[in-house]
Amino acid sequence: MRDNSLLISKYVQKILEESEEVVSMLDGNKKKIFALKQNENITFPFIVHSRSNLTTTYTKDIEFLRSVGWSNTVQFTVCCVSDDYIQAIDLANAVRHSLETYRLKNEDIYIHPILLTNAIEYMTDYDAYVQELQFQCIVE
């Protein structure tokens, strides 16, 4: 299997879009889930996600690694944004339910259980409430 850990955002997008709990809180609109940056004319609530870190451990024998494979620790962030504080928290909770302990093994990627590592909340200059969830998983 090839190292496809850079594909994590593709799978986060897919997991969130397939979550009935998350999509229902976005008024049934999967287009309110974005990678990196939200669209200019989007209405609340919405979700923005991005990969924040990737750590690979190499050994001296890279050819051996290629033959047996290796894993990466991938960290990513999901921000739930709303103009209503409680709605932002409820959306973050739905995202957590969808992602935490999720695992996947297919021909492209092997995602070990996703773990929530931190949760931060803040308000933007535009009176938007943000629930920032930080996750980590091992990807092979």
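All values below were derived from every heavy atom in this structure, side-chain atoms included, with hydrogens, water molecules and symmetry-related copies excluded.
- Tyr129 approaches Asp84 most closely through the heavy-atom pair CD1-C, 3.7 Å.
- Under the 4.5 Å side-chain contact rule for hydrophobic residues, Tyr126 and Ile120 do not share a cluster.
- Rounded to the nearest 0.5 Å, atoms CG (Asn29) and CD (Glu17) are 10.0 Å apart.
- Taking both residues in full, the closest heavy atoms of Asn106 and Asp108 are given as OD1-N, 2.7 Å, listed atom of the first, atom of the second, then distance.
- Judged by distance alone, the side chain of Ser98 and the main-chain N or O of Ala94 form a donor-acceptor pair under 3.5 Å.
- Val130 is not connected to Ile86 by any chain of hydrophobic side-chain contacts under 4.5 Å among Ile, Leu, Val, Met, Phe, Trp and Tyr, and they are in different clusters.
- Closest approach of Ile8 and Cys137 over heavy atoms only: CD1-SG, 3.9 Å.
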Mind running side chain to side chain donor-acceptor pair (under 3.5 Å) on Glu121 and Tyr85 for me, showing each step along the way?
-> CA-CA 10 Å; Glu121 62 181 5; Tyr85 178 70; 2.8 Å; yes
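- For the residue pair Glu132/Gln134, the side-chain donor-acceptor check at 3.5 Å is satisfied.
- Asp125 is linked by a salt bridge (Lys or Arg N to Asp or Glu O under 4.0 Å) to nothing, counting only residues two or more places apart in sequence or in another chain.
- Remark: Ile89 CD1 to Gln131 CD distance equals 5.0 Å, nearest 0.5 Å.
- When every heavy atom of Leu16 is checked against every heavy atom of Val23, the shortest pair comes out as O-CG2, 3.7 Å.
- In terms of heavy-atom proximity, Asp27 sits nearest to Phe44 at OD2-O, 4.4 Å.
- Between atom CZ of residue Arg103 and atom CD1 of residue Ile138 there is a gap of 11.5 Å, rounded to the nearest 0.5 Å.
- With hydrogens and angles disregarded, no donor-acceptor distance shorter than 3.5 Å links the side chain of Asn72 to the backbone of Val74.
- One distance of note links CD of Gln13 with NZ of Lys30; it measures 10.5 Å at 0.5 Å rounding.
- When hydrophobic clusters are built by joining Ile, Leu, Val, Met, Phe, Trp and Tyr residues whose side-chain heavy atoms come closer than 4.5 Å, directly or via intermediates, Leu99 is not grouped with Leu115.
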Please test Lys31 against Leu26 for side chain to side chain contact (heavy atoms under 4.5 Å, CB included), starting from the C-alpha separation and ending with a verdict.
-> CA-CA 9 Å; Lys31 294 182 179 185; Leu26 298 172; over 6 Å; no
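- Under the side chain to side chain contact (heavy atoms under 4.5 Å, CB included) test applied with Leu91, the options Ser82, Cys79, Cys80 reduce to a single match, Cys80.
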Mind running side chain to side chain contact (heavy atoms under 4.5 Å, CB included) on Lys105 and Glu140 for me, showing each step along the way?
-> CA-CA 9 Å; Lys105 186 172 187 175; Glu140 293 181 35; over 6 Å; no
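- Taking both residues in full, the closest heavy atoms of Leu133 and Phe135 are given as CB-CE1, 3.5 Å, listed atom of the first, atom of the second, then distance.
- Residues satisfying the side-chain hydrogen bond (donor to acceptor under 3.5 Å, both in side chains) criterion with Lys14, sequence neighbours excluded, are Glu18.
- Rounding to the nearest 0.5 Å gives a distance of 4.5 Å between CE of Met25 and CG of Asp90.
- Taking 4.5 Å as the limit, some side-chain heavy atom of Thr43 sits within range of a side-chain heavy atom of Lys32.
- How far CE of Met123 is from CG of Asp83: 9.5 Å, rounded to the nearest 0.5 Å.
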